[in-house]
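Please read these numbers as outputs of a predicted model, since none were measured by experiment. Just so we're on the same page: letters track the sequence lines, and every chain starts at 1.
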Amino acid sequence: MGAADPPAWIVLGRSGDDVVAAGLDATGRETDRRRIAASGFAEWIAGEESSSSPRWVWNDTPQWYGGLLDHGVRVARCHDLRLSHAILRGSALVQPDAAVRGSVGWDAVPYVEPDALAPVLFDLEDSGPSAGTPSDVDSALAEFARQRLAIADSSDPGRLRLLIAAESAGALIAVEMRAAGLPWDAAEHDRILTEMLGGRRSGGGQPELLAAAAARVRAALGDPAASLDSQPKLLRALHRVGVLVESTSRWELAEQRHPVIEPLLEYKKLSRLLSANGWSWLDEWVQDGRFRPVFVPGGVVTGRWASSGGGALQLPRQLREAVRADPGWRLVVADVAQLEPRVLAAMSGDHALAGAARGRDLYAGIVDSGAVATRQEAKIALLGAMYGATTGESGRLVPRLRRAYPRAMGLVDDAARIGEDGGLVSTWLGRTSPPPSAEWSVAQSRATEAEASGADETRARRWARDRGRFTRNFVVQGTAAEWALAWMADLRARLSAVEPVPAARAAHRSGPVFERRAHLAFFLHDEVIVHAPAEHAESAAQAVTDAAATAGRILFGDFPIDFPLDVRVAGTALKD
DNA sequence: TGTATCGGCGCG
DNA sequence: AAAGCGCGCCGATACA
C-alpha cells in the first residue's frame, strides 16, 4: 500500500493458500490489491498496522484474528462483516429495500470449534468447509459496499456507525480474552470443592459430604433407595411423606416445613456444584492456569454476548476465589451499579429518573424522591417495570413508578405495546428486535376471526403479552449491551496505550500480545476483569473508570446520567 | 445408540 | 422468596 495514500480500510479474503488484501481509500474506492502467502501474512499485517493503522475488514473475526494473536500481532480496529450484516439486515433504521437485506450467504452462522482459534488461516491443511460466510475477497468487498451504502442511506448513519464499530471492537475483544485467558488457580478451586463437597472419592463414588447429604435426605424420606436425581421419582417420594409440592424447584421446596427440606436443599446445592463446576469441569476447562471460554459477541438477540462451552457466563460466585492474578500481577474487578435503569433514564430523557440515579445507589434515589417507601420496593418495582411484571408486589408497585417517572415508564410501556401488536422495536443505536414468527402472526389473525374459539383467543392474547414483555425488555437490555460494548472498546484502547512492563515481569501464560500488558480477561454483561501488572493496576483501574464516563458520553452525549462503578484492585476476583 | 426435550439452576 | 427479561449447561427422560 502506498505510503502517500494510506488505505482507510483493508479488506481481506482468502484465495487458495494465499490471502488477498484490497486497500480502499476513504471514499471506498479500491486503490490497491495484493496477494500474500499465508506464511508471511501475520508479519505483513503487523507492518500495515504500524504504518497506516487501517480498519481491517474481514468476514469473521475469530477466523482471522485468533491466528494473528498467536503470532503476536494485535490490531486496533476491524469491521466484522458477519456481525455487521446481522445488525443491518434487521435494523429498522435501514431502508426496507436496502441491498444488504438480500445478501446471499451472509446469514450463515459459522461453526467455531472451541479448541481451534484460527483453524483456517495458519493451518491450511486442516481447513475444512466449516466457514459459514464467503471468504473470498470479492464477496467481502461486495458485502462491505452494501453495508456502507445501507448505513449511509439509513435514517441515522451516525448511530449505526457507532453500533457497528462497537460490535466489531467486541469481536476483537472476545478473541483476545480467549487468547489471554482468565487466570485460574486450580489448587484453590480444588480446595473449595473439597471444603464444600468433601474429599474426592476414587472409583466414581460421590464425595463425602454430598453422600452424607444424600443419606440424610433418604433417612427423612424413610426410603434408603430413594432416587434424588430423577425429578419424577423425587416428586413421588416427597408426596409419599406428605410434602405436597408441584415441582422440586428450590423456591417451592423452601416454602415447605418438613425434615427432608433442609438436607434436600443442601444436596441439590452440592450436586449442582459438582456437576456444573466440579473436578471434571476443572480438568476440561482450566489448562496451565487459565480458563479460556469461548465468548460469542452478538450471541443474544438483544446484542448481549453469549458463550459456548465452559459456562463462562454462569460461573458461580462461590468460585470467584479461584480467579487469582499471576505473581506480581493484580486483578481489577469492576461492575456498573444498576446499569439497565440508568440506560433507561438516559434513552428516555427522563430527568427525574436520571436525578434519582445521581450518585451510587439509584434505588435509594428513588426512595428519596418519595415514589416508594423502601429500597427493596424501589428495586422490585423498577425490575418489574423493565421486565413487565403484572402480578404480586412488583405489579402492584409499578404504577407508582409510572407517576413518578412517566417518560422512562412510557418508553418501556410503548415498547411493550408495539411488541404486542407485532411491531418492531430498536435499541438506542439501532439494533432491532426480530419480527414475530409466522406461527405467532397466524395465531393473532386467527383470534380475530368470527369463528375463533375461546382457546384461540386466550392463546393469542397470552402470546401477545409474552412478546410485549420481550420487546419491553429488548430496548433496555439491548441498549445496556451497547453501553457495555462502548465501555470495553474504550477501555481496550486505553489499556493498549500503557507501556508494557519488562519481559522479566511477563505473564507467560497469557499469549504473546498480553503477557507484558494490562488486558481484559473477563466480561459479564456489566462487569469486567482486567489482569494487570501490579505497578499498572491503579492506572488500569483509572482507565476502567474513565472508559465508563466516555461510554456514557458516546451514547448519550451531554444528558446528565451517571454510570458509577464498583472498582476493586486485588489478587483475587472474590467479591467482598 | 443417538437426538430432542424438560426441569432445574447458575449468571446478569 | 418469586415475580417479570435474557442466556448455557447438566442429568434424566422420551423417542426415533
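- With hydrogens and angles left out, the side-chain atoms of D80(A) and Y65(A) include no donor and acceptor closer than 3.5 Å.
- If you measure from atom CD of E527(A) to atom P of dG6(C), you get 22 Å, rounded to the nearest angstrom.
- Judged by atom type and distance alone, Q314(A) reaches the base of dG8(C) through a side-chain donor-acceptor pair under 3.5 Å.
- Rounding to the nearest 0.5 Å places OG of S280(A) at 13.0 Å from CH2 of W285(A).
- Here the C1' atom of nucleotide dC11(B) and the CD atom of E340(A) are 13 Å apart, to the nearest Å.
- Atom P of nucleotide dG8(B) and atom CG of N277(A) are separated by 20 Å, given to the nearest angstrom.
- Each of dC5(C), dT13(C), dG8(B) was ranked by its minimum atom distance to the side chain of S247(A); first place goes to dG8(B).
- In this structure, D229(A) atom CG and dC6(B) atom P are separated by 21 Å, rounded to whole Å.
- Pairing of dG4(C), defined by two Watson-Crick or G-U wobble distances under 3.5 Å, is not identified with any nucleotide.
- Taking the six-membered ring for Trp and the full ring otherwise, W428(A) and F556(A) have centroids separated by under 6.0 Å.
- Comparing dC5(C), dC7(C), dC9(B) by their closest approach to the side chain of S249(A) singles out dC9(B).
- Among dG6(C), dA2(C), dG4(C), the nucleotide with an atom closest to any side-chain atom of Y387(A) is dG4(C).
- Spacing between atom CD of E246(A) and atom P of dG8(B) amounts to 11 Å, rounded to whole angstrom units.
- A distance below 6.0 Å separates the ring centres of H189(A) and W281(A).
- K379(A) has its NZ atom 13 Å from the P atom of dA1(C), to the nearest Å.
- dG4(C) adopts a syn glycosidic conformation, its chi angle falling within 90° of 0.
- Atom CG in L274(A) sits about 20 Å away from atom P in dG8(B), given to the nearest Å.
- With hydrogens and angles ignored, a donor-acceptor pair closer than 3.5 Å exists between the side chain of R272(A) and the base of dC9(B).
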